[in-house]
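Here the structure is laid out as structure tokens; the discussion comes afterwards.
What you see is a predicted model, and the numbers here were worked out from it, not measured in a lab. One-based numbering along the sequence shown.
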Amino acid sequence: MKRILLIEDERNLVRFIQLELEHESFEVEAAYDGKSGLELALQGSWDLILLDIMLPEMDGIEVCRRIRASHKTPILMLTARDSVVDRVSGLDSGADDYMPKPFAIEELLARIRAIFRRLELEGHTTHTRLSFQDIQVDVDARIVYKDKQIVELTKREFDLLVMFMRNHNLVLTRDMLLDHVWGYDSLVETNVVDVYVRYLRNKLDQVGENSCIQTVRGIGYVMR
């Protein structure tokens, strides 16, 4: 049974969508604000996330960005805001599709089926190896190679490297890295990210060469 997370603050709409999805044999869990929705999204295992843009606590665009920083779960935006700018913002933040309100439940179900069909097709080519320049990572085995030599990393260092590898050429803020590697509710300070980036650089960089993990002043880091 596929699991769907619905993040929407209109409780009547939540109940309606939930009943329809359960009738289609989906398992559905709901959150009514952006912050709790983000926590559920990062902690649980979901096949699809239905996400409203206009949410209390944290808007859907920011929720989407934070989810996409560490998870590839498909995200379908639901919103009453239907301007071109809003659609572009939703898609640029990492959403897979966009559904303006009001909508017919039949169309929502059709879009959900289309997303799952695409994932099934892509599933035939998915793998668990990541590569960037001369660095290779076997995600399942948790092994890192540099110039075909194994590099020993701690769990935090490994998770941080995977985050960079999966998002190379994208600037990642310290908060995004902290949320993914240490957990959304972690009490550690963002400067711990700087410490672990330094650990990674010491283990991966060769003397005299530029680091593949570059500092973006005032924001965070990027692997490129």
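A pairwise comparison of heavy atoms in I135 and C212 identifies CD1-SG, 3.9 Å as the closest pair. Considering every non-hydrogen atom in both S93 and M77, the closest pair reads OG-CE, 3.8 Å. In terms of heavy atoms, D59 sits closest to I61 at OD1-N, 2.9 Å. Between Q206 and K146, the shortest heavy-atom distance links the atoms NE2-CE, 4.0 Å. Counting all heavy atoms, side chain and backbone alike, C64 lies closest to G94 at SG-C, 3.7 Å. Closest heavy-atom contact between D96 and R118: OD2-NH2, 3.3 Å.
Surrounding CG of D147 are more than 12 heavy atoms belonging to other residues, nucleotides or ligands, all under 6.0 Å away. No more than 12 heavy atoms of other residues, nucleotides or ligands shown are found within 6.0 angstrom of CG on N12.
In this structure, CZ on R198 lies 13.0 Å from CD1 on I213, to the nearest 0.5 angstrom. Residue E8 holds its CD atom at 6.5 Å from CG of L78, rounded to the nearest 0.5 Å. Rounding to the nearest 0.5 Å gives a distance of 15.0 Å between CD of E57 and OH of Y32. To the nearest 0.5 Å, the span separating CD on Q136 from CZ on R129 amounts to 8.5 Å. Atom-to-atom distance recorded for I67:CD1 and H180:NE2 is 13.5 Å, nearest 0.5 angstrom. A distance of 5.0 Å separates CE in M165 from CG in L130, rounded to the nearest 0.5 Å.
Pairs of residues two or more places apart, or lying in two chains, that qualify as side-chain hydrogen bond (donor to acceptor under 3.5 Å, both in side chains) and include a residue from residues 163-178 are R174-D194. Residue pairs satisfying the ring-ring contact (aromatic ring centres under 6.0 Å, His included) criterion with at least one member in residues 198-224, sequence neighbours excluded, are listed as follows: Y196-Y199.
The residue from R66, R65, K35 that alone fulfils the salt bridge (Lys or Arg N to Asp or Glu O under 4.0 Å) condition with D179 is R66.
One hydrophobic cluster, built from ILVMFWY side chains closer than 4.5 Å, cannot hold both V139 and I143; they sit in different ones. In the hydrophobic clustering of this structure, Y145 does not group with L200; members are Ile, Leu, Val, Met, Phe, Trp, Tyr whose side-chain heavy atoms approach within less than 4.5 Å, directly or through other members. Following chains of ILVMFWY side-chain contacts shorter than 4.5 Å, one can reach V192 starting from F158, so the two form part of one hydrophobic cluster. L21 and F116 fall within a single hydrophobic cluster, where Ile, Leu, Val, Met, Phe, Trp and Tyr are joined by side-chain heavy atoms under 4.5 Å apart, directly or via other members. Using a 4.5 Å cut-off between side-chain heavy atoms of Ile, Leu, Val, Met, Phe, Trp and Tyr, with links allowed through other members, L170 and V197 fall into different hydrophobic clusters.
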Under 3.5 Å, which donor-acceptor pairs do the side chains of residues 103-115 form with other protein atoms, sequence neighbours left out?
from : atom 1 : to   : atom 2 : distance (Å)
E107 : OE2    : R111 : NE     : 3.2
E107 : OE2    : R111 : NH2    : 2.8
R111 : NH1    : D97  : OD1    : 3.1
R111 : NH1    : Y98  : O      : 2.6

Let me check something: any side-chain donor-acceptor pairs from residues 148-155 under 3.5 Å, sequence neighbours excluded? List them with distances.
from : atom 1 : to   : atom 2 : distance (Å)
T154 : OG1    : E157 : N      : 3.2
T154 : OG1    : E157 : OE1    : 3.4
K155 : NZ     : D159 : OD2    : 2.8

For a quick test of your reading: what N or O donor-acceptor pairs under 3.5 Å do the side chains of residues 45-55 make, sequence neighbours left out?
from : atom 1 : to   : atom 2 : distance (Å)
W46  : NE1    : L40  : O      : 2.9
D47  : OD2    : R3   : N      : 2.7
D52  : OD1    : K101 : NZ     : 3.4

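Under the 4.5 angstrom side-chain criterion for Ile, Leu, Val, Met, Phe, Trp and Tyr, the cluster partners of I219 are V171, V216, V222.
Between the R201 side chain and the L204 main chain, no donor and acceptor come within less than 3.5 Å of each other.
Between M223 and L161 the shortest side-chain heavy-atom distance falls below 4.5 Å.
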